[in-house]
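Data block below; observations after.
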Amino acid sequence: MKNIVILISGRGSNMQALVQAAIPGAQVAAVISNRADAAGLAWAAAQGLATASLSHRDYPSREDYDAALMALIDTYAPDLVVLAGFMRILTPAFCRHYQGRLINIHPSLLPAFTGLDTHQRALEAGCRVAGCTVHFVTPELDCGPVIVQGAVPVLDHDTAATLAERVLAVEHQVLPQAVADFVSGSLSIRGNRVYRVENTVDATAQLII
Ligand code: GRF
């Protein structure tokens with residue numbers, strides 16, 4: 001059984017999707033937040049999951065906070081750490097410590113729109129396709145090897161909020177898929193590309209919008 005530790009900062013809808021996916025061979029060992037009032041933490045506790053909060057405000061530096069966070073996470077012996085709306089930039093030491101077993105979900109089709117306000121920026125750039133990405137985390141923000149991406153059309157009357165809602169529904173599909181692929185041992189990383197042992201993607205499939 002692979003232990004998964006999920007980090008959140010707020011609502012936690014991706015964490016919920018992951019818990020509800022009940023991936024064979026995986027168990028959610030803990031849900032941890034940097035905010036004690038994160039709504040997702042209460043939901044996880046109500047499911048009977050182990051929860052913890054560790055406020056970054058209690059630490060003098062990012063390095064000190066990340067060291068304490070690593071110590072807390074490691075008490076759960078994680079095989080995989082999932083950043084599911086964890087709104088903190090992580091230190092290189094943290095990323096190195098969990099190299100190859102730390103993944104993040106980001107609400108854009110990376111490498112476009114790293115950072116914040118992704119949907120507004122996609123609208124302003126005139127994109128006709130938007131989406132989300134699950135990727136391995138490296139020290140450079142939102143830049144690690146891509147595991148899964150999901151795309152949605154950008155509609156003429158979209159606002160950042162309507163686009164975010166449509167992308168979020170896809171996030172809830174691709175995050176459990178990426179975790180299931182990791183847990184089954186079917187992913188390997190070479191350079192910046194992630195390979196699957198069995199490539200089930202239809203090479204003739206096209207998404208023309
Ligand atoms: C998601 O859009 C995720 O891609 C981004 O932060 C948001 C978190 O939403 N990193 P939720 O807390 O999972 O509902």
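For ligands, and for the atoms within them, numbers begin at 1 and follow the listed sequence.
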* Other ILVMFWY residues reachable from I32 by side-chain steps of under 4.5 Å -> V5, L7, L54, Y59, Y65, L69, M70, L72, I73, Y76, V81, L83, F86, L90, F94, Y98, L102, V137

* Using links of under 4.5 Å between side-chain heavy atoms of ILVMFWY residues, direct or through other members, which residues join L155 in one cluster? -> none

* Got a second to check how far R88's CZ is from N34's CG, nearest 0.5 Å? -> 6.0 Å

* Could you walk me through whether Q149 and T133 pass the side chain to side chain donor-acceptor pair (under 3.5 Å) test, one step at a time? => CA-CA 4 Å; Q149 293 186 301; T133 304; 2.9 Å; yes

* **Member of N14, V148, V179 meeting the side chain to side chain contact (heavy atoms under 4.5 Å, CB included) criterion with V174** => V148

* Does R62 have any salt bridge (charged side-chain N to carboxylate O under 4.0 Å, His left out) partners at least two apart in sequence or in another chain, and if so, which? -> none

* Structure fact -> Close residues (non-hydrogen atom under 4.0 angstrom from ligand 1) work out to R11, G12, S13, N14, G85, I105, H106, P107, E171

